[in-house]
Amino acid sequence: MSGFAEKLGALAGGLPQDAATPLRQAGLAAFRRHGLPHKRLEDWKFTGLGDLDRNDWRLAANDATPFGTLPPDASLKPLAEAVAGEPGLLDLLMPETTASAAMAALNAGLLRNAWLLDIAPGAQLSQPITLAHRGVAGQLENITLFMRLGQGAQASLLESHQGAGWYNGVLRLRLAQNAVLEHARLQTGGKDAYHTALLDVHLAQGARYRHASLLAGAGLARHEMQVCLAGEAAEADISGLALPRGDGHLDHSLRLEHAAAHCRSAQLFKNAVDEAGHAVFQGRIRVAPGAQRTDAQQLCRTLLLSDEAQVDTKPELEILADDVSCSHGATVGDLDAGMLFYMQARGIPAETARRLLLQGFAEEITQALEDDALRAPFADAVAHGLGSAA
Amino acid sequence: MSTILEIRNLHATVDGKAILNGIDLTIRPGEVHAIMGPNGSGKSTLSYVLSGRDGYEVTDGDILLDGQSLLGLPAEDRAREGLFLAFQYPVEIPGVANAVFLRSAVNAVRRHRGQPELDAMSFLKTAKARMKQLQMDEKFLQRPVNVGFSGGEKKRNEVFQMLMLEPRMMILDETDSGLDIDALKIVAEGVNALRGPERSALVITHYQRLLDYIVPDFVHVLAKGRIVKSGGKELALELEAKGYGDILGEAA
């Protein structure tokens, strides 16, 4: 058992007894068994969390909802209260008990700042829902969110993570039939911040989900995504941009499952790694037996901008249906010398040319967002992330 | 008499291979010179050597712009000193809008000249006027640099940049390739509009056609990295009529 797991008793001591207690018990038991994930686990091959052991953490005593002002079509309640009224939720929220899912187990084990947000069927939200967290040094912020979009509902979600400390979060999204969600996620924490997050998305028939993630801060961040296209004709566009610098370690890990026929998914991940930064992209696509006419594409492009910069990419395809169109690709390179020369031949200073090319590289991820209200803050955060690098 | 560009005994190598073998050329203010030559004669290498591309090594000789040696200056400084290369193959830059790219360039040049930078409004005003002159759609300002442009649109975009940057020395590398006759005329009008007593041009071309519209004062024939024959504009017509074989035969 790791040192961290030994300290857990103290962390978990002050937690309430309520309808969510079975989740806490199951989560703590699983986490105690496995401890912090380490590089000997296949899913964590490139990212170990051993550093977390070396710090003393206190659980943030913050029970305020991370959501901003909500529209009338959205209803928010504490998760324990929701579970009390709808016991079936327990099954949906129960963490996996494998070693590689230990962080989600820990999240369940320390469940306290936890919320259920329901968007009414057919709702068309005109403003994005905002979800903001700013961490404090020395504190573990453990947030658990469950968000459901009713049939045909359409919404945008702007999620942001800043500050210091350690964030360990789980966000589960359930999109009912034909629901549409566009989700931008900005992680721009300070260089001492740790960030471990699980995003779990489940799409019913005809549901459409669009996600763009920016990892542009934190000493160590892992944004783990699992997306299940569970109903026919569901669509998922998942993209991410990681900008590690200093000795930052930024990890996008995605498991995407085509469980139903006639679904489409596209993954586009980009890394621009500078100084002694380290980027990780793991992308697994599984096409279940019977998921015919699946269209699943994956592309990861990386720029290594210094001699010390590192990237690890691991694409995995498991295709158990025969009528599918799947592709994956990965490229690693430096900024294009021809483009740099072209800009310099117009008088643009080399540093400016580099910055413009990096912005151009990032632009494709920004443009993946369709909602202006998400794209503008995403573009600002990208510009800031690249600017601080120069 | 003053000169804008002076090339003295220029020798250059690419990957250790000698491509330019002693070029001498003097271009005075207001003059338009054409360099013609068969494929592989060193035309494009000359344009890259002049503009300062990495990998093109000058092994002997000198290049002077307004009496100042350009050797040792990076490409960006040469551009700010007033050298402009219109590329044979303009580069596509995904994700960077034409307007952002060009405004960065214009302001870099203006700062160098001690002029105030153009704000977004005055930049757009000037840019739109120049585009009109070249019959370019304004939508090209917001599109990524050269991405998805046709061959003709790319060349027009080169001349557009040139009109915006108002260089002292224009170098046009095969600007006619890929252009139909109408586009060729528009591009030539753009270049001619810039002609004046304080500005010179070096037009590099394989074919005589462009020189019907940008009429040169002098024509030089390049072969195996050297100028083997020089003359007036009639030399271009002679080349067109006889082909390179005869001229090179005479010169040998």
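Residue numbers start from 1 in every chain, and the chains themselves are labelled A, B, ... in the order their sequence lines are given, proteins ahead of strands. Keep in mind that what you see is a predicted model, and the values were worked out from it rather than measured.
Counting non-hydrogen atoms of neighbouring residues, nucleotides and ligands closer than 6.0 angstrom, the OH atom of B/Y89 reaches no more than 12 such neighbours. The 12-atom threshold is exceeded at CG of B/D137, counting heavy atoms of other residues, nucleotides or ligands nearer than 6.0 Å. In the displayed structure, A/D247 atom CG is contacted under 6.0 Å by at most 12 heavy atoms of other residues, nucleotides or ligands. In B/D54, the CG atom is not crowded: 12 or fewer heavy atoms of neighbouring residues, nucleotides or ligands sit closer than 6.0 Å. For CD of A/Q127, the number of neighbouring non-hydrogen atoms (other residues, nucleotides, ligands) closer than 6.0 Å is 12 at most. Other residues, nucleotides and ligands contribute more than 12 heavy atoms inside 6.0 Å of the CG atom of B/D119.
Residues B/P167 and A/R346 are not in side-chain contact: their nearest non-hydrogen atoms beyond the backbone lie 4.5 Å or more apart. The closest side-chain heavy-atom distance from A/Y342 to B/I93 is below 4.5 Å.
Of the atoms belonging to A/A350, heavy atoms from both backbone and side chain fall under 4.5 Å from chain B. For chain A, no part of B/R78 is nearby; none of its heavy atoms comes within less than 4.5 Å.
Here the rule is side-chain contact (heavy atoms from CB on, under 4.5 Å) with B/P94, and of A/M339, A/E364, A/E363 only A/M339 fits it.
Remark: A/R354 engages A/D274, A/E351 in a salt bridge (charged side-chain N to carboxylate O under 4.0 Å, His left out) (not counting sequence neighbours).
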- request: Could you please spell out the steps behind the ring-ring contact (aromatic ring centres under 6.0 Å, His included) verdict for A/F341 and B/Y56?
  value: CA-CA 12 Å; A/F341 173 65; B/Y56 291 76; 8.2 Å; no

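Counting only residues at least two apart or in different chains, salt bridge (Lys or Arg N to Asp or Glu O under 4.0 Å) contacts with residues 80-100 of chain B comprise B/E76-B/R80, B/D77-B/R80, B/E92-B/K154. Pairs passing the salt bridge (Lys or Arg N to Asp or Glu O under 4.0 Å) check and including a residue from residues 208-217 of chain A, sequence neighbours excluded, read A/R210-A/D237, A/R210-A/E370.
Identified by a heavy-atom distance below 4.5 Å to chain A, the contributing residues of residues 95-115 of chain B are B/G95, B/V96, B/V100, B/F101, B/S104, B/A105, B/A108, B/V109, B/R111, in residue-number order.
Considering all non-hydrogen atoms of both residues, A/A345 and B/A79 come closest at O-CB, 3.4 Å.
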